[in-house]
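So that the names make sense, note that chain A is the first sequence line, chain B the second, and so on, each numbered from 1. Values below: every heavy atom of this structure, side chains too, minus hydrogens, waters and symmetry copies.
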Amino acid sequence: LKIKSRRLRFYPDAVTVRTWFDHRTGYRKLIDVLLIEHIPGGARWRYVWGSCLAFVFASQLITGVLLMTAYSPGDSTAWSSVYFIQYQMDFGWLIRGLHHFGSQMMVVLLGIHMLQVVIAGAHLPPREVNWWLGLALLGAVLGLSLTGYLLPWDQKGYWATQVATNIAGNQPVIGPWLQKVIVGGPVYGHQTLTRFYALHVAILPPLVIVLIIAHLTVFRRHGVTVAVRLQPADPKKDDGWLWPDQAFRDMVVSMILFGILVALVLAHHGNSIAPRDTSSSNQSTGGLVSYDSLAHAGRDGRGADLDAPADPSRPYPARPEWYFLFLFQLLKYFEGEQEVVGTVFIPLGAVLLLALLPLLGFGPMRKFGHAFGVLVVMGLLVAVATLTYLAIAKDRGDSEEARLFRRELETADELARRAVQLAGDGIPADGAVYLLRRDPLTQGEKVFRATCASCHSYGDQVRNEQAGASDLADFGTRQWITGLLREPDNPRFLARTKLTTMRNWVKRTRAKAKKDKSEKELEAEFDRIAGWLSAHPREPVPKEGDKGSFADGYRAFENHCMECHAYQGTGGGDTKAPDCTGYGDADWIRLMVMGPYLQSRYGSRNTMPAFRDLEGPDAEFVRQEVQQAKQLLLKDSGEGEQTEKKTKDIEGACKLVHLSDIDRELVIRWLVKDYRVIFGGDPITAPFKR
Amino acid sequence: MERRTFLKCATHGLGILWAALVGIPAVAFLIDARNRPAAAGDFRSVGKVSDLEIGVPKQVIIRDVRHDAWTLHPNDVLGRVWLVRRDNDRVDAFTATCPHLGCSVNFEEKAKRFICPCHNGTFNIEGQRVERPGITNPAPRGMDHLECRRDPADPETLQVKYQSFIQGKDTPVAKS
């Protein structure tokens, strides 16, 4: 007997892993508690909604924890990390997409669940506490949505959440204080994100879990609410069980919902990194889907949308996520001091009304209470749907405002696409917001308009009919140089400049060729020069007898241009014509922008101001340096009759105008069509194109 | 098949299907870092040969483009390097990272040896691992040599190709 009892203690009879584990932990009892539930009247498809909510919430937990492993809350990192998840990490687009659309699905399911509960009268006594727990869950889930919307730190979330926190700030008495605490300071920043993140991942989810456990426990206490017509005649017969009858139904509907989620994620909601190439996508549909194309489908625009990085300096037509649109619309009907009606009184009133519904279920009031509950919930849902529809219809409408909204949204979308494209080469440590602020493509033209357009045109894009200097569209290209050598008197080139020597030389040379009947030869020579110069030559002067193409171009340049223009220290007379080493490349233009009065540019014949950073620490140095250059030019110009005019010219040649280093690089890169982001810090540079 | 059994199997089956549909991408997402290789270093200038005294190690830093997930640092410190000039021509370069567990190796002027302050990894001025009486030397190999050359454009300037090596192995294996 003694041995037998020992055996029983340490070795359960039929030793399998399951029985052993159950013997040691008693886990089966737990599973039984969870699964064995009597459902009077049998399993029903209509009972699935609570389980479906639990399923989607579980999916949110899983995808949420996965996202946590890659997300980085912080003003300068949040957008970048979401970008990285969406476009770089394997299946990041799927995980983020499931989380994004899962949150919206939860809101929809909450509506369905709530409606189904009141229709069944399941909120009435004795289940009123569970109704309140459900309302608390609704609040917590909406809180999760609100906090999650901000986390990508994109324009959409940033501006939409501004509205929400400002509403908090408008509340009487504690408003301003409350807003500061929520936002983590007077304005949005690092601590706004850390706070919202903590709420989103560490405070609200555990709260939801606790509430779900309470909700389920209380639910078990009273069981499902069986409609009268479904109540079995004999309670002992026609029963159903949670496992597997109801569980199967729950699972089937959950899987359908999951399928809808996947379909939503697979649709193109985001921005593709490269313009979608129809020819290649046609090819890929024919063959097998590769792991890479599946793992990085975010690059084709699949998954959730990611707007441009949050930028307080850039406006955005803010709208909340669609399920908060009704509140947004509600606000429109109240102005000034009445606003609090729309932001607090009506929403709070609605919640209070919902909370009071079960109390109408006592005694003889029950029937009325039930009907009234259905009416209230239906009414609220209809009101929400109507307001949502009104908000959407307004934005899609034909009014001036709606058109402006759509235009702004289009601009915002374009910037979002641009930001995502630029991010592929790497994001500045200063933060993703600098992707667009230092993007030559979108910012270079702005700087050009503000700084250069008073004298220069840029094709039809920036037209200045009074431009006193040359048109810089395609400056330094073969076409531009050929044009200059063909018609120097065209206002695109030198017509309105003081550079008469060059103009006259071209005309003289062409006239001479016409006389000698050597026009064709001259044209060929000019073409060689244009070809050679447009490659921005910087190589050493070729040796005698070099027959290469570089040497060939150089010879043409040497024959025609080097009387006035220098190249790599050779040639150039005292006519003060610019040095052609690297003509038209970024370095050449930089020297022209910063020191047009230099001997290697236009010297005393220059009329363009020197654009320098006059707000930095070396401003004084720059001023003194230019002053000295001016003295040198004056000294060189010597004494003569025209001294006064010359002095005036030189004064003009050495004018200084402020232009920050970043803006200068923006405009230079824009001119040479190099659209890589300008990285701040030292040196102002970016890596070579991949 | 009995109805109950069917329902059980179907429920389990759907659950397993869902677990796979989410689980496989989830695992791929978690091990995504495998797609980010160690930066393949290139030769970077570290200073003038004439600044080095023969037989006196000097620590220099290597700067280069550095990618950190999404961030690009155009000119960041990649690591530190010990340069030891042997004679007029020859210069040795060692990474300052200890081959034991990756602490930073210092040079002890008096004893003319490299010592890692964490676990007493000790190396002579040639970078070879040496024993110190009464103290165990946990380093599995000598200090890691880095390729070092003169700048082809300017022979006065030294260039070093920076690399990281896997710790704890008997022979240097570059991280990939």
Taking side chain as everything from C-beta outward and backbone as N, CA, C, O, which of these in A:S72 sits under 4.5 Å from a heavy atom of chain B? Side chain, backbone, both or neither. side chain
Ring geometry between A:F84 and B:W70 (parallel below 30°, tilted from 30 to 60°, perpendicular above 60°): perpendicular
Looking at every heavy atom in both B:G55 and B:I125, which two are closest together, and how far apart are they? O-CD1, 3.3 Å
Option in A:T77, A:T63, A:V262, A:L94 with maximal non-hydrogen atom pairs under 4.5 Å from chain B: A:T77
Output the option from A:F258, A:W241, A:Y291 having the highest count of non-hydrogen pairs under 4.5 Å with chain B. A:F258
Let me know if A:A295 has heavy atoms under 4.5 Å from chain B in its side chain, its backbone, both or neither. neither
Looking only at heavy atoms and a cut-off of under 4.5 Å, which of A:G431, A:S81, A:G92 has the most pairs with chain B? A:S81
Between B:F29 and A:F91, does the ring centre distance come in under 6.0 Å? no
Do you know the tightest heavy-atom contact between B:A10 and A:F248? CB-CE1, 3.4 Å
Residue A:T69 versus chain B: region with a heavy atom under 4.5 Å: side chain
B:L146 versus B:Q163, closest heavy-atom pair with distance: CD2-N, 3.6 Å
Interchain contact, A:D250 with chain B, by part (heavy-atom threshold 4.5 Å): neither
If one checks every heavy atom of B:L14 against chain A at 4.5 Å, the contacting part turns out to be both
Contact origin within B:R66 toward chain A - heavy atom pairs under 4.5 Å: neither
With only heavy atoms counted, which part of A:M89 is less than 4.5 Å from chain B, the side chain, the backbone, both or neither? both
Is A:I95 close to chain B through its backbone or its side chain, or both, or neither, when contacts mean heavy atoms under 4.5 Å? side chain
I'd like to check B:K8 versus B:R4 (side-chain heavy atoms, cut-off strictly below 4.5 Å). Are they in contact? yes
Taking side chain to side chain donor-acceptor pair (under 3.5 Å) as the definition, give me every residue that meets it alongside B:R36, ordered by chain and number, with sequence neighbours left out. B:D32
Tell me, for A:I62 versus chain B, whether the close heavy atoms (under 4.5 Å) come from the side chain, the backbone, both or neither. side chain
Hey, can you tell me if B:H100 and B:H119 have their rings parallel, tilted or perpendicular (30° and 60° cut-offs)? perpendicular
